[in-house]
Amino acid sequence: MKYLKLFFDRELADYFRLGFHVHYPLNRKASIKDIIESQGVPHTEVGQIVVQGLPQDFSYIPGAGEHVLVRSIQPPFDVSSPDRLRPRSFSEIRFVVDVNAGKLAPLLRMLGYDTFFDHELGDEQIALLAHEQKRIVLSRDRALLKRGRIEFGRLIRSARPGDQLREVVTFFGLKSLNLFSRCLRCNHALRDVDKNQILHRLQPKTRKYYSRFSICPGCERIFWPGSHWEKMKSLMKNAGIVQ
Ligand SMILES: [Zn+2]
């Protein structure tokens, strides 16, 4: 039997519980993407593939006896600069969140990031949407992230939403935070609204103490920097996300 030697860096080997190197039996012609993914590592987690000392892309077909080094992505991961593995870069950071990490959606929207979430979307639809609208897929499902149409994604490691958010912020180096600029429920960008126009919808105390309001053009919910807002901000501070 002919073999290929796969080496994974520490980050990948530890998380995906792989040996420092893997002997892969080469019994059919397969791309390096398929071979890596057969070890449980979605292509979205791979930062570089080096074969016999030369960088290669996902379509490379390795030969018997070759040594393949698979490196993880080093954060902060800049999706706006094209590289050998991902020649189509994304100029804007936008997300689509899988149902298994759904609580990330309102949190990322709170930070101002365009984040699509619909619990009825299947894997195929998520992959298609990610490709067509240039969205980064966030999921806890390895099988979803192996789909070829998905270019950028992240396998979410943590179970708790606050930790998941910190994970995404750190991994993608999210900086240009625009807090409370987006509807948490439906992802629309909020618009400023004149207080007089919505006076009839405000509680007496809100009417008395607040002057700046914004409205969602989708669901018409009204937002203002009230106690809910402050609570969210302190939650972010505690998570080390905003100063
Ligand atoms: Zn809304």
Side-chain angles (χ1 to χ4, degrees), residues 79 90-141 144 150 152-154 156 158 160-169 171-172 174-239 241-242:
V79 300
F90 290 2
S91 57
E92 212 180 305
I93 294 183
R94 284 185 295 199
F95 298 101
V96 50
V97 174
D98 192 8
V99 67
N100 54 40
K103 289 194 172 136
L104 265 174
L107 295 174
L108 286 164
R109 289 170 186 163
M110 199 171 359
L111 296 182
Y113 288 96
D114 179 344
T115 306
F116 190 94
F117 173 65
D118 180 345
H119 68 278
E120 287 184 349
L121 279 196
D123 285 8
E124 178 62 32
Q125 291 164 301
I126 291 179
L128 192 64
L129 184 87
H131 182 76
E132 285 178 349
Q133 299 186 3
K134 289 189 162 188
R135 288 180 184 273
I136 298 166
V137 180
L138 303 175
S139 176
R140 302 198 73 199
D141 177 7
L144 168 63
I150 297 176
F152 293 95
R154 179 62 173 171
I156 300 298
S158 317
R160 292 179 48 232
D163 295 337
Q164 293 179 341
L165 182 65
R166 203 173 336 166
E167 215 182 292
V168 174
V169 166
F171 187 74
F172 293 101
L174 303 186
K175 277 195 193 96
S176 55
L177 308 178
N178 197 359
L179 287 175
F180 303 104
S181 59
R182 205 167 274 281
C183 180
L184 305 188
R185 187 184 285 175
C186 58
N187 195 39
H188 279 101
L190 299 179
R191 281 201 310 247
D192 287 341
V193 63
D194 182 15
K195 188 176 174 180
N196 290 324
Q197 281 179 22
I198 50 153
L199 219 48
H200 60 286
R201 294 181 54 193
L202 304 176
Q203 297 292 324
K205 275 193 175 167
T206 313
R207 203 182 289 178
K208 187 171 172 190
Y209 294 113
Y210 297 96
S211 54
R212 281 181 43 230
F213 296 87
S214 42
I215 192 165
C216 169
C219 69
E220 301 205 317
R221 273 172 107 202
I222 298 168
F223 294 81
W224 67 93
S227 57
H228 174 69
W229 193 309
E230 292 305 320
K231 215 164 79 188
M232 292 296 196
K233 262 188 176 169
S234 81
L235 187 142
M236 302 272 188
K237 261 184 216 167
N238 291 341
I241 291 160
V242 292

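Bear in mind the structure is a predicted one, so any value in this text is a computation, not a measurement. Here, residue 1 is the first one in the sequence, and each next residue gets the next number. Read the numbers this way: they start at 1 and go in the same order the structure lists the ligands and their atoms.
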Would you say the rings of Phe152 and Phe90 are close, in the sense that their centroids are separated by under 6.0 Å? yes
Taking the side chain as C-beta and beyond, is there a heavy-atom pair between Val168 and Ile136 under 4.5 Å? no
Are Val79 and Phe172 close enough that some pair of their side-chain heavy atoms sits under 4.5 Å apart? yes
What's within reach of the Zn ion (ligand 1), meaning protein N/O/S atoms under 2.8 Å? Cys183 SG, Cys186 SG, Cys216 SG, Cys219 SG
Arg135 and side chain to side chain contact (heavy atoms under 4.5 Å, CB included): which partner among Ile126, Thr115, Leu129, Ile93? Leu129
Which pairs pass side-chain hydrogen bond (donor to acceptor under 3.5 Å, both in side chains) with one or both residues in residues 206-216, sequence neighbours excluded? none
Considering the options Leu138, Asp114, Val137, which one meets the side chain to side chain contact (heavy atoms under 4.5 Å, CB included) requirement together with Phe95? Leu138
